[in-house]
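Both counts, for ligands and for their atoms, begin at 1 and track the order of listing. Predicted, not measured: the structure shown is a model, and the values here were computed from it.
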Amino acid sequence: MHELSIVLNIVEMVEKEAQKAGAQAISVVELDIGKLSTIEPAAFDFAWKHGIRDSVLEQSELKINYISGKGRCNECQHQFEIEALYDPCPECGSYFSTITEGEELRIKSIRIEEKLTT
Ligand SMILES: [Zn+2]
């Protein structure tokens, strides 16, 4: 399950940011996940719950923006929305296209818990 390693990666990055900011905890973390990325939402959800244990993210709220896929046809250069990998071009029916959006996975924002816990 590669989702867990992705989650652990995110946790690591967020912990570094939290440390720099001197934060004890993160209240909200917002992610952009492309619909064409290999992430399975249910598996990601499961991995998230396990991956954030004992981290600064343990009490945080997770927000995910799913980014629609977009591609450009290699034959006729038409740009179109891609629902699934290997969708044919709606103009010419070609299966050869270049994905331009929808494969990303990034941390969009992090909100730091401002209450000081002693
Ligand atoms: Zn085309």
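Under the side chain to side chain donor-acceptor pair (under 3.5 Å) criterion, the residue pairs touching residues 7-22 are E17-K20, with sequence neighbours excluded. For residues 83-104, the pairs satisfying side chain to side chain donor-acceptor pair (under 3.5 Å) are N74-T98, with sequence neighbours left out.
Ring pair F80/H78 is parallel by interplanar angle, where below 30° counts as parallel and above 60° as perpendicular.
Listing protein N, O or S atoms at distances below 2.8 Å from the Zn ion (ligand 1), with waters left out, gives C73 SG, C76 SG, C89 SG, C92 SG.
No donor-acceptor pair under 3.5 Å is formed between the side chain of S37 and the backbone N or O of L105.
In this view, K108 satisfies the side-chain hydrogen bond (donor to acceptor under 3.5 Å, both in side chains) rule with no residue, not counting sequence neighbours.
Taking each heavy atom of R53 and E58 in turn, the nearest pair found is CA-OE2, 4.0 Å.
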